[in-house]
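To start, the structure under review is shown below, and the notes come after it.
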There are 2 protein chains.
Amino acid sequence: MTSQSKFTVSCQQCGLNELCLPNSLTIDEMDEVDRVVKRGKPLQRGEFLYSTGEDFSSIYAVRSGSIKVFTIDDEGEEQVIGFYLPGELLGMDAIDSRLHMSTAKSMETSSVCEIPFDSIEDLSTSIRNLQMHMYKLLSREIRIDQELQMLLAKKTAEERIGAFLMNLSMRYEQRRLSSTRFRLPMARSDIGNYLGLAVETVSRIFTRMQTMGVLRVEGKEVEILDRQSLCNIAHVRDEEI
Amino acid sequence: MTSQSKFTVSCQQCGLNELCLPNSLTIDEMDEVDRVVKRGKPLQRGEFLYSTGEDFSSIYAVRSGSIKVFTIDDEGEEQVIGFYLPGELLGMDAIDSRLHMSTAKSMETSSVCEIPFDSIEDLSTSIRNLQMHMYKLLSREIRIDQELQMLLAKKTAEERIGAFLMNLSMRYEQRRLSSTRFRLPMARSDIGNYLGLAVETVSRIFTRMQTMGVLRVEGKEVEILDRQSLCNIAHVRDEEI
DNA sequence: CGCTCTCTTTGACGCAGGTCAAAGAATCGA
DNA sequence: TCGATTCTTTGACCTGCGTCAAAGAGAGCG
């Protein structure tokens with residue numbers, strides 16, 4: 001594993017900086033940001049990044065691995081809110097209340113950059129691009145949530161899973177990974193929970209899509225065999241490549 | 001109607017400023033904000049504030065009335081994203097793309113303050129509280145969306161409607177209006193659309209709650225007769241009064 | 001004031017997907 | 001390497017809510 005060498009990589013050297021930082025920072029500005037970022041030791045599968053009720057002090061950028069975020073409802077049931085891949089930021093839902101209302105759990109060995117929110121506040125008054133970047137990140141998060149709302153309110157199980165897979169595919173592609181063959185870091189039960197479906201339904205639809213020749217599924221490994229069909233099922237235009 | 005006199009009310013005089021502005025602005029700072037706010041003429045029922053595809057330039061604060069925000073999906077169907085009451089801000093989902101991806105429509109005669117986003121960007125670098133306020137507003141929007149996600153993913157029709165009514169009740173209370181008797185500004189079909197239910201289901205559950213003695217419904221007028229039962233149905237702790 | 005259009009309610013019926021049960025398959029710790 | 005635990009799949013059955021249909025009830029307009 002090279003995670004030890006990545007461990008101290010600066011933002012300038014990090015291949016993901018175009019995903020989590022604004023694209024037009026000067027060298028000096030990026031240094032300033034770099035100086036406040038804390039790079040902790042990797043999280044093992046199942047470890048928590050933060051938990052419900054804890055004080056909020058930082059937001060986090062995933063460097064490698066993947067993180068699941070969920071809340072606990074009144075009956076003590078998990079409700080998955082999102083899955084975060086390398087280059088994505090999480091923890092921003094706690095800015096308002098200054099308290100984490102959700103829990104972030106590592107789904108595999110993951111490394112994460114911690115960015116104290118106070119520092120972001122300070123820097124974003126002096127670095128105009130950083131302020132805009134924060135506004136955009138928050139705004140994008142809202143739009144992502146809204147899209148999920150539409151999925152949950154209106155779509156059939158098949159459409160939800162189709163859209164979910166297309167979404168993952170596009171996110172992997174952005175990260176220069178294969179958009180047609182990837183490993184699902186989360187359990188079927190997490191997918192079901194996230195999409196408002198029973199595990200059994202997720203499983204059945206995976207098998208059905210395999211039978212239709214759209215997908216090849218082998219445990220957590222997925223291969224998209226017929227992207228166009230998947231787009232049709234998901235009712236997604238395949239323009240955003 | 002006194003909307004003509006309210007029409008030119010400054011932020012200082014506006015009874016809603018504690019809802020839409022940070023609470024610790026100096027007089028001077030509030031003047032600065034006040035100077036960039038545009039107060040247009042009231043929107044009639046059915047008029048649009050912005051539409052999908054338009055350029056984004058401002059966010060909006062509802063002064064009176066109520067606004068429905070929705071997207072149009074691939075089949076041309078409306079998907080209601082939210083309802084906005086006086087003191088609430090909308091339009092922030094377009095910051096990222098600089099394009100409105102949703103449409104805002106007035107559900108009754110409403111007046112709205114327009115706040116150019118460029119001005120907010122400028123002011124929020126100099127007014128620290130304003131920057132923080134924006135971060136908080138955006139963060140809160142994310143949390144509200146996440147709560148709706150949980151509702152849509154896991155809850156029964158009865159729970160959804162219970163939670164919806166409790167939510168409205170609390171928002172009216174914040175606005176110093178009755179929390180037990182209010183008028184629903186939206187049609188049953190909008191409620192159903194928002195909550196992922198058929199109109200018929202909404203209607204049936206209203207009648208059922210009336211039969212149980214929890215509600216009294218008369219057209220758009222609603223009276224909550226048994227708040228505790230409604231909380232139980234919605235699985236909401238009634239602490240936030 | 002009456003006509004039209006939209007909104008709401010109610011009933012009957014069917015199905016997508018939930019629940020229960022149980023048998024593999026995979027992962028993990030010692 | 002082996003048992004234990006957790007995850008996944010499949011089948012059978014059932015139910016909450018969607019759909020269809022139709023009758024009121026309002027609301028807006030000429």
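Per chain, numbering begins at 1; letters A, B, ... match sequence-line order. We use all heavy atoms of the structure for the numbers below, so side chains are in, but hydrogens, waters and symmetry mates are not.
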Would you kindly give the [atom1]-to-[atom2] distance between [X] and [N], to the nearest whole Å?
| X | N | atom1 | atom2 | result |
| --- | --- | --- | --- | --- |
| L215(B) | dT8(C) | CG | P | 15 Å |
| E218(A) | dC7(D) | CD | C1' | 16 Å |
| L195(A) | dG17(C) | CG | P | 12 Å |
| M186(A) | dT6(D) | CE | C1' | 18 Å |
| R188(A) | dA26(C) | CZ | C1' | 12 Å |
| E221(A) | dC7(D) | CD | C1' | 16 Å |
| E108(A) | dC28(C) | CD | P | 12 Å |
| E159(A) | dA16(C) | CD | P | 12 Å |

Worksheet entry | Enclosure of E75(A) CD (heavy-atom neighbours >12, cutoff 6.0 Å) |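 Correct, the count exceeds 12.
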Worksheet item: Hey, is NZ on K220(B) packed in by over 12 heavy atoms from elsewhere, all under 6.0 Å?
Response: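 More than 12 within 6.0 Å, yes.
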Worksheet item: Looking at K220(A), does any N or O in its side chain come under 4.0 Å of the phosphate oxygens OP1/OP2 on dC7(D)?
Response: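 Indeed not, no polar side-chain atom of K220(A) lies that close.
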Item to complete: Grab the two heavy atoms, one from E47(B) and one from P42(B), that are nearest each other, plus how far apart they are.
Response: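 The answer is OE1-O, 4.1 Å.
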Practice prompt. Please name the residue in the list L165(B), L184(B), L168(B) that meets the side-chain contact (heavy atoms from CB on, under 4.5 Å) test with I191(B).
Written response: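 Exactly one option meets the side-chain contact (heavy atoms from CB on, under 4.5 Å) with I191(B), and it is L184(B).
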Discussion item. Show me the pairs that pass side chain to side chain donor-acceptor pair (under 3.5 Å) and involve residues 187-207 of chain B, at least two apart or across chains.
Written reply: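 Of all non-adjacent pairs touching residues 187-207 of chain B, those that pass side chain to side chain donor-acceptor pair (under 3.5 Å) are K68(B)-D190(B).
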Practice prompt. Scan for side chain to side chain donor-acceptor pair (under 3.5 Å) pairs involving residues 140-152 of chain A, sequence neighbours excluded, and state none if there are none.
Written response: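 Matches after skipping sequence neighbours: Y84(A)-E141(A), R140(A)-D96(B), D145(A)-Q149(B), Q149(A)-D145(B).
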Practice prompt. Indicate for each nucleotide in nucleotides 10-27 of chain D, in 5' to 3' sequence, whether protein heavy atoms under 4.0 Å reach the base (B), only the sugar-phosphate (S), or nothing (-).
Written response: BBB----SSBB-------
